[in-house]
Amino acid sequence: MPNTVELPILARDVQAGDVFTLHGHERRAKYGTWPTALRGHVYIKFTDGGDAVVPADRPLTVMRTVADEDDA
């Protein structure tokens, strides 16, 4: 059974399905991040169709679904 955990990460470590607050709105990442032409920044696409370019080292707290150790 999957569990949802709260993790403090950097923006560069966002994975598909992560839920976090950005610019005052709750967002869910559609994919993992990827680098941009703007050095030191990453691109994040959201499941609602929006997107953002943020500093790669920006701290975020995400809610991530992880598998139970028993399920692994």
Do the non-hydrogen side-chain atoms of T65 and N3 ever get within less than 4.5 Å of each other?
no
Residues 16-29 side chain polar contacts: donor-acceptor under 3.5 Å, at least two apart:
unit_1 : atom_1 : unit_2 : atom_2 : d
D18    : OD1    : R64    : NE     : 2.8
D18    : OD2    : Q15    : N      : 2.8
D18    : OD2    : R64    : NE     : 3.4
D18    : OD2    : R64    : NH2    : 2.8
R27    : NH1    : D48    : OD2    : 3.3
R28    : NH1    : G17    : O      : 3.1

Show every salt bridge (Lys or Arg N to Asp or Glu O under 4.0 Å) that has at least one partner inside residues 33-44, sequence neighbours left out.
none
Indicate the atoms forming the closest heavy-atom contact of A11 with L60, along with that distance.
CA-CD1, 3.9 Å
Taking side chain to side chain contact (heavy atoms under 4.5 Å, CB included) as the definition, give me every residue that meets it alongside P55, ordered by chain and number, with sequence neighbours left out.
H41, D57, R58
Is there a side-chain contact between V54 and I44 in this structure, where contact means two heavy atoms from C-beta onward sitting under 4.5 Å apart?
yes
Where at least one partner belongs to residues 5-17, residue pairs that pass salt bridge (Lys or Arg N to Asp or Glu O under 4.0 Å), sequence neighbours excluded:
none
Cluster check L10, L7: I/L/V/M/F/W/Y, side chain < 4.5 angstrom:
no
Could I get the full list of ring-ring contact (aromatic ring centres under 6.0 Å, His included) partners for Y43, not counting sequence neighbours?
W34
Distance col, row K45:NZ vs D51:CG, nearest 0.5 angstrom, shows 5.5 Å
